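Reviewing the structure listed below.
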Amino acid sequence: MALELFDSKSQTLRAFTPLTAGHVEMYVCGPTVQSAPHLGHLRSALVYDILRRWLMVTDHTVTMVRNVTDIDDKVLVNAGSRDWREFAKEIEQNFDDAYLALNILEPTHKPHATEHIEDMINLTKKLINLGHAYQATDGSANVFFDTASWPNYGELTNQKLENMEGEEDATFGRKSPNDFALFKAHKADEPDTAAWKTPWGLARPGWHIECSAMAKHFLGESFDIHGGGLDLRFPHHENELAQSSAAGDRFANFWLHNALITISGQKMSKSLGNGVSVEDLEKAGSWGAIRYWLLSAQYRSNLDYSESSIRDAQAALDRIVGFLKRTTNTKQIEIDDQYLPSEFAEAMDSDLNVPGALAVIHERVRAGNTAFDSNNQEALKLCVEQVKAMVHVLGLTFAYQERRISEELTNQVNDLIQQRNAAKLAKDFARADQIRLELEEMGVTLKDMKDITMWSFNG
RNA sequence: GGUGGAGUGGCUGAGCGGCCCAAAGCAACAGCCUGCAAAGCUGUCAACCCACGGGUUCAAAUCCCGUCUCCACCUCCA
């Protein structure tokens with residue numbers, strides 16, 4: 001079986017074949033760095049991280065572009081009295097920190113909108129020449145896409161122009177309320193640094209033109225996959241498609257949209273202010289558990305966040321990690337993709353059915369534990385290799401890296417454990433229990449094994 | 001008004017015509033282990049009719065029609 005992906009433009013599951021055999025080019029809409037990341041942004045980035053990893057495992061090289069929109073109305077507003085460029089950089093760092101913590105791979109290219117103004121000007125010029133864009137009728141430096149000139153407008157989201165609500169307020173020189181800005185004229189109250197010289201006057205780019213220009217810059221006039229959150233489908237992606245195809249490009253072969261994260265059934269979003277922040281998440285569980293939880297629903301399904309969700313994920317992940325810890329030396333991890341079970345591959349090939357893939361991991365973990373307890377070395381080895389390979393594909397390997405604990409604490413704990421074991425041997429259980437309690441208060445959980453007492457620190 | 005999506009055990013969440021008397025996880029319960037625990041492992045439990053009502057089919061959670069409820073998008077959002 002080969003990979004099938006749900007293409008949201010055709011609204012069908014399609015067999016995925018790269019335009020160039022063995023090589024996949026994908027463009028993913030990254031964040032507008034206007035405020036700190038929340039769970040929803042992380043999910044989106046993670047979905048395409050998983051897709052990329054799976055493509056690589058199945059023998060593709062992957063060029064992945066994930067942009068940073070670092071100039072935008074909200075960036076300027078939220079920067080307040082600060083230099084917006086500095087502000088944007090800081091927010092971008094917040095995103096990068098979170099991506100790193102979640103073990104999301106760096107994209108091949110991470111272009112910033114402000115670095116590609118020239119590309120955007122060129123694309124806009126071309127659209128004007130082709131009669132698909134125009135400078136504002138009020139003589140300002142605003143430039144708009146002429147939706148009426150493009151009969152395919154609405155093709156991505158299956159909408160008809162006459163049914164659309166469009167901009168209702170002032171036109172700023174629009175011919176139609178449905179027309180959207182390619183460039184926005186510099187406003188007097190905005191910093192000079194947020195304006196570029198264009199053939200139409202001082203202006204800054206609109207949101208949609210950025211992605212069209214950057215995708216073309218790095219991937220050319222056609223590429224395999226365009227991804228992003230479901231809330232970007234319209235207008236952002238519809239407009240991207242209109243611009244690029246009106247300019248004569250074929251653009252994306254597949255459109256992928258990940259569903260959103262909800263909280264109490266309602267969409268998590270910047271505008272609603274109900275986002276779960278990185279700080280909140282770190283309190284709820286480990287980054288491994290967060291990654292696991294984000295993967296626990298297929299990417300086109302909503303995922304509802306609640307306080308217990310990360311905790312449940314932590315328990316499920318601990319089961320997998322615990323298996324590897326008790327059966328292998330986790331410091332030496334060699335991965336061999338040849339061990340991936342076919343059921344796992346089938347699940348991944350089926351529009352990235354990660355929950356199904358996780359089920360295969362758990363099934364193998366159980367088989368492995370059984371083999372371990374009955375000392376069936378041959379069966380155990382197979383299960384271990386399979387689990388390691390699967391966990392690696394999902395990027396969960398980092399979850400079982402050892403936490404760094406100070407030598408001082410280690411010695412102290414080992415000393416107390418020794419005292420406790422001595423007390424147990426002397427059948428002084430009151431003393432043994434007292435030490436156990438002491439350790440618990442330090443945040444140390446004991447694990448009495450057959451011959452040895454293991455411990456973990458959760459403080 | 002338009003365009004999409006969803007409703008599956010106590011909870012999360014796969015399955016999308018026969019392998020489904022429905023995967024997996026969490027929770028619960030039991031056993032193993034233990035001085036007793038915890039942790040860990042294993043097992044068991046759970047979906048009466050897979051939102052409701054019709055229909056198609058030899059066969060439906062899965063397809064069709066209708067109804068109800070919820071969510072998203074319609075020019076700020078991943």
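Residue numbers begin at 1 in each chain, while the letters A, B, ... track the order of the sequences. A quick note: this is a predicted structure, and the numbers were derived from the prediction, not measured.
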Set out, line by line, the N/O atom pairs under 3.5 Å between protein and nucleotides 26-28 of chain B.
from, atom 1, to, atom 2, distance (Å)
B:C26, O2', A:Asp312, OD1, 2.7
B:C26, O2', A:Asp312, OD2, 3.4

N/O to N/O distances under 3.5 Å, protein versus nucleotides 13-20 of chain B:
from, atom 1, to, atom 2, distance (Å)
B:A14, OP1, A:Gln298, N, 2.6
B:A14, OP1, A:Ser301, OG, 3.1
B:A14, O3', A:Asn353, ND2, 3.3
B:A14, O2', A:Asn353, ND2, 3.2

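Here the separation of B:A14 from B:G2, taken at their P atoms, is 30 Å to the nearest Å. As rounded to the nearest Å, B:A22 and B:C48 have C1' atoms that lie 14 Å from one another. Nucleotides B:A47 and B:A38 are separated by 33 Å at their C1' atoms, to the nearest Å. The C1' atoms of B:C33 and B:U69 are separated by 49 Å, rounded to the nearest whole Å. Rounded to the nearest Å, the gap between the C1' atom of B:A28 and that of B:U12 is 15 Å. Separating the C1' atom of B:G66 from that of B:C74 is a span of 27 Å, rounded to the nearest Å.
In this view, A:His208 and A:Phe180, A:His236 satisfy the ring-ring contact (aromatic ring centres under 6.0 Å, His included) rule, not counting sequence neighbours. Partners of A:Trp84 under the ring-ring contact (aromatic ring centres under 6.0 Å, His included) rule, at least two apart in sequence or in another chain, do not exist in this structure. Checked against ring-ring contact (aromatic ring centres under 6.0 Å, His included), A:Phe6 has no partners two or more places apart in sequence or in another chain. For A:Lys74, there are no salt bridge (Lys or Arg N to Asp or Glu O under 4.0 Å) partners, not counting sequence neighbours. The side-chain contact (heavy atoms from CB on, under 4.5 Å) search around A:Lys427 returns A:Phe429, not counting sequence neighbours. Every residue was checked against the ring-ring contact (aromatic ring centres under 6.0 Å, His included) condition with A:His392, not counting sequence neighbours, and none meets it. A:Arg82 pairs by the side-chain contact (heavy atoms from CB on, under 4.5 Å) definition with A:Glu86, A:Phe87, A:Glu90, not counting sequence neighbours. Legend: residues meeting side-chain contact (heavy atoms from CB on, under 4.5 Å) with A:Gln159, ordered by chain and number and at least two apart, are A:Thr157, A:Met164, A:Phe234.
Rounded to an integer number of Å, the gap from CD1 of A:Ile435 to P of B:G35 is 16 Å. Rounded to an integer number of Å, the gap from A:Leu439 CG to B:A39 C1' is 14 Å. We find that CZ of A:Arg420 is positioned 14 Å from P of B:A37, with the value rounded to whole Å. Atom C1' of nucleotide B:U75 and atom CG of A:Asn239 are separated by 7 Å, given to the nearest angstrom. Whole-Å rounding puts the A:Asp72 CG to B:C76 P distance at 10 Å. Regarding A:Leu437, its CG atom lies at a distance of 14 Å from the C1' atom of B:C36, rounded to whole Å. Separating the OH atom of A:Tyr153 from the C1' atom of B:G2 is a distance of 14 Å, rounded to the nearest angstrom. Nucleotide B:A23 holds its C1' atom 14 Å from the CZ atom of A:Arg364, rounded to whole Å.
Heavy-atom distances to RNA chain B give each of A:Phe6 and A:His41 a nearest nucleotide, and the one nearer the 5′ end belongs to A:Phe6. Nearest-nucleotide positions on RNA chain B for A:Gly322 and A:Leu161 put A:Gly322 closer to the 5' end.
One N or O donor and one acceptor, one from the side chain of A:Lys74 and one from the base of B:C76, sit under 3.5 Å apart. One cannot find a donor-acceptor pair under 3.5 Å joining the base of B:A72 and the side-chain atoms of A:Arg233. Checked by distance alone, A:Asp433 brings no side-chain donor or acceptor within 3.5 Å of a matching partner on the base of B:A37. The base of B:U12 is not paired with the side chain of A:Tyr292 by any donor and acceptor separated by under 3.5 Å.
Between A:Asp373 and A:Arg326, at least one side-chain nitrogen of the basic residue sits less than 4.0 Å from a carboxylate oxygen of the acidic one, meeting the salt-bridge criterion.
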Residue pair A:His132, A:Tyr153: steps toward the ring-ring contact (aromatic ring centres under 6.0 Å, His included) verdict: CA-CA 11 Å; A:His132 294 303; A:Tyr153 191 75; over 10 Å; no
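Side-chain proximity of A:Asn158 to the nucleotides B:U75, B:U3, B:G2 is greatest for B:U3. Across B:U42, B:A72, B:A38, the shortest atom-to-atom separation from the side chain of A:Asp448 is found for B:A38.
A pairwise comparison of heavy atoms in A:Arg431 and A:Ala423 identifies CG-CB, 3.7 Å as the closest pair. Shown here for A:Thr147 and A:Asp179, the closest heavy-atom pair between the two residues is OG1-OD1, 2.6 Å.
Within the 4.0 angstrom heavy-atom criterion, no nucleotide atom of any strand lies near A:Leu39. Within 4.0 Å (heavy atoms only), A:Thr370 reaches sugar-phosphate atoms of the nucleic acid but no base atom. Using a 4.0 Å heavy-atom cutoff across all strands shown, A:Lys427 reaches no nucleic acid atom at all. Using a 4.0 Å heavy-atom criterion, one finds that A:His257 contacts no nucleic acid atom at all.
Within the structure, every side-chain polar atom (N or O) of A:Arg436 is placed at least 4.0 Å from both OP1 and OP2 of B:C36. Regarding contacts with the backbone of B:G4, every side-chain N or O of A:Arg300 stays at 4.0 angstrom or more from both OP1 and OP2. For A:Arg326 and B:A39, the shortest distance from a side-chain N or O to OP1 or OP2 is not below 4.0 Å. OP1 or OP2 of B:C73 has at least one side-chain nitrogen or oxygen of A:Lys267 nearer than 4.0 Å.
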Map every base of RNA chain B to its dot-bracket character, where paired means a Watson-Crick or G-U wobble contact with both distances under 3.5 Å and | marks a partner outside the strand. ((((((((.[[[..)..(.....]]].(((((.......)))))......[[[[[..)....]]]]])))))))....
Show me the donor-acceptor pairs within less than 3.5 Å that the side chains of residues 284-294 of chain A make with the rest of the protein, sequence neighbours left out.
from, atom 1, to, atom 2, distance (Å)
A:Ser286, OG, A:Gly288, N, 3.4
A:Ser286, OG, A:Ala289, N, 3.1
A:Ser286, OG, A:Gln314, OE1, 3.0
A:Ser286, OG, A:Gln314, NE2, 3.4
A:Trp287, NE1, A:Glu282, OE2, 3.3
A:Arg291, NE, A:Leu394, O, 2.9
A:Arg291, NE, A:Gly395, O, 3.1
A:Arg291, NH1, A:Asp49, OD2, 3.4
A:Arg291, NH1, A:Leu102, O, 2.8
A:Arg291, NH1, A:Asn103, O, 2.9
A:Arg291, NH2, A:Asp49, OD2, 3.0
A:Arg291, NH2, A:Leu394, O, 2.9
A:Tyr292, OH, A:His362, NE2, 2.9

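The aromatic rings of A:His226 and A:Tyr27 lie tilted to each other, with the angle between the two planes from 30° to 60°.
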